[in-house]
Amino acid sequence: MADDLRIITGNKAEQYQSLIPQIRGLLEGETDLVANLANTAAALKEQFGWLWVGFYVVKKTFGPVQDELVVGPFQGPVACTRIKKGRGVCGTSWAEAKTIIVPDVEKFPGHIACSSLSRSEIVVPVIRNNEVVAVLDADSEKLDQFDLIDQRYLEEIVNLIQF
Ligand code: SME
């Protein structure tokens with residue numbers, strides 16, 4: 001059984017620095033992807049208390065149907081199930097294979113509002129063998145919640161997960 005997460009106060013970088021070894025511990029020796037995505041989302045939610053945090057996973061299809069992102073393990077209100085490449089913040093992060101920070105979702109053309117409470121957002125792609133296999137999405141009720149510190153540490157966290 002996993003031990004309780006140790007939640008700390010302190011600045012953002014300190015919070016990530018305390019959390020990352022704990023996430024590493026949760027993932028250690030576990031190869032099940034759903035379990036690892038679920039515990040990573042839960043750990044982030046517990047430490048930061050964001051409105052929504054979780055994963056969308058690229059689902060491969062065959063034939064004329066395009067690949068899509070499908071919602072995976074997350075914490076927060078129910079969310080859109082499928083997102084096409086290039087759509088919304090998640091689909092744009094997937095298409096461009098880069099992290100996107102949105103300080104004000106109302107100013108991001110095409111933002112997909114899964115919750116009317118969301119005001120700002122960060123989406124980090126998970127890249128394996130030069131391909132985006134999933135994205136990590138975090139949403140906040142506060143404007144301008146996410147910055148380059150979140151980007152740096154969230155990119156480190158997604159790289160801990162074995163896909
Ligand atoms: N806002 C995202 C959709 C996912 S939800 O926020 C959980 C987007 O624009 O892609």
Q: Taking Q15 for the side chain and G10 for the main chain, is one N or O donor matched with an acceptor at less than 3.5 Å?
A: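 Yes, the answer is positive, given that a donor and an acceptor are paired below the 3.5 Å cut-off.
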Q: Are V102 and L154 connected into the same hydrophobic cluster when the rule is that any two of I, L, V, M, F, W, Y join if their side-chain heavy atoms are below 4.5 Å apart?
A: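 Per the 4.5 Å side-chain linkage, L154 and V102 are not co-clustered.
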Q: Are I7 and I149 grouped together when hydrophobic residues (ILVMFWY) are joined by side-chain heavy atoms under 4.5 angstrom apart?
A: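 Yes, it is one cluster - the side chains of I7 and I149 are joined through contacts under 4.5 Å.
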Q: Any side-chain heavy-atom pair from L160 and I20 closer than 4.5 angstrom?
A: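 The answer is yes, as the side chains (C-beta and beyond) meet within the 4.5 Å cut-off.
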Q: Kindly state each residue pair satisfying ring-ring contact (aromatic ring centres under 6.0 Å, His included) with at least one member in residues 103-130, sequence neighbours excluded.
A: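 Qualifying pairs: none.
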Q: Using residues 122-132 as the side-chain source, report each donor-acceptor pair under 3.5 Å to any protein atom, sequence neighbours left out, with the distance given to one decimal.
A:
unit_1: R128; atom_1: NH1; unit_2: N159; atom_2: OD1; d: 3.4
unit_1: R128; atom_1: NH2; unit_2: V158; atom_2: O; d: 2.8
unit_1: R128; atom_1: NH2; unit_2: I161; atom_2: O; d: 2.7
unit_1: E131; atom_1: OE1; unit_2: K60; atom_2: NZ; d: 3.0

Q: Between atom CG of D150 and atom CD1 of I101, what is the distance when rounded to the nearest 0.5 Å?
A: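 That separation rounds to 7.0 Å.
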Q: What residue pairs, at least two apart or across chains, pass ring-ring contact (aromatic ring centres under 6.0 Å, His included) with a residue in residues 16-53?
A: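 Sorted result for residues 16-53: Y16-F48, Y16-Y153, F48-W50, W50-F146, W52-Y56, W52-F74.
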Q: For the OG atom of S118 and the NZ atom of K142, what is their distance to the nearest 0.5 Å?
A: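 One finds 13.5 Å between OG of S118 and NZ of K142.
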Q: Nearest 0.5 Å, what's the CG-CD distance between L19 and E156?
A: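 The CG atom of L19 sits 10.5 Å away from the CD atom of E156.
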Q: Tell me whether V71 is reachable from V89 by hopping between hydrophobic residues (I, L, V, M, F, W, Y) whose side-chain heavy atoms are closer than 4.5 Å.
A: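 Yes.
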Q: Let me confirm one number: the CG-SG distance from D137 to C90, rounded to the nearest 0.5 Å.
A: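 Result: 4.0 Å between the selected atoms.
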Q: Do P103 and S120 come close enough that some side-chain heavy atom pair is under 4.5 Å?
A: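 Sidechains of S120 and P103: no contact.
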Q: For the residue pair E155 / T99, report whether a side-chain donor-acceptor contact shorter than 3.5 Å exists.
A: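 Distance-only check passes for T99 and E155.
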Q: With rounding to the nearest 0.5 angstrom, report the CG to CZ distance, L51 to R119.
A: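 Spacing of CG (L51) from CZ (R119) equals 11.5 Å.
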Q: Enter the distance from I157:CD1 to I23:CD1 here, rounded to the nearest 0.5 Å.
A: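 Output value for this atom pair is 4.0 Å.
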Q: List the atom pairs, with distances to 0.1 Å, where a side-chain N or O of residues 76-87 and a protein N or O form a donor-acceptor pair under 3.5 Å, not counting sequence neighbours.
A:
unit_1: R82; atom_1: NH1; unit_2: E68; atom_2: OE1; d: 2.9
unit_1: K84; atom_1: NZ; unit_2: E68; atom_2: OE2; d: 2.8

Q: For the pair K12 and D147, find out whether any cationic side-chain nitrogen is under 4.0 Å from an anionic carboxylate oxygen.
A: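 Counted as a salt bridge, because a side-chain N and a carboxylate O are separated by less than 4.0 Å.
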Q: Measuring only between side-chain heavy atoms, which start at C-beta, is L69 closer than 4.5 Å to V58?
A: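 Side-chain contact under 4.5 Å: yes.
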Q: Give the cluster check for V133 versus F55: same hydrophobic cluster or not, with ILVMFWY residues linked at side-chain heavy-atom distances below 4.5 Å.
A: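 The answer is yes; both residues are in one hydrophobic cluster.
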Q: Are L136 and V53 side-chain neighbours, meaning at least one heavy-atom pair lies under 4.5 Å?
A: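 Contact flag for L136/V53 side chains = yes.
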Q: Kindly list each side-chain donor-acceptor pair under 3.5 angstrom involving residues 27-37, sequence neighbours excluded, with atom names and distances?
A:
unit_1: E30; atom_1: OE2; unit_2: D32; atom_2: N; d: 2.8
unit_1: D32; atom_1: OD2; unit_2: V34; atom_2: N; d: 3.2
unit_1: D32; atom_1: OD2; unit_2: A35; atom_2: N; d: 3.0
unit_1: N36; atom_1: ND2; unit_2: E30; atom_2: O; d: 2.9
unit_1: N36; atom_1: ND2; unit_2: D32; atom_2: O; d: 3.4

Q: Under the rule for side-chain contact (heavy atoms from CB on, under 4.5 Å), what residues qualify as partners of R6, not counting sequence neighbours?
A: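 R6 satisfies side-chain contact (heavy atoms from CB on, under 4.5 Å) with I8, S18, Q22 only.
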Q: Count the heavy atoms of every other residue, nucleotide or ligand shown that sit under 6.0 Å from CD of E106, and state whether that count exceeds 12.
A: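 Open: at most 12 neighbouring heavy atoms sit under 6.0 Å from CD of E106.
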Q: For the residue pair D144 and D104, establish whether any side-chain heavy-atom pair is separated by less than 4.5 Å.
A: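 They are not in contact (no side-chain heavy atoms under 4.5 Å apart), so the answer is no.
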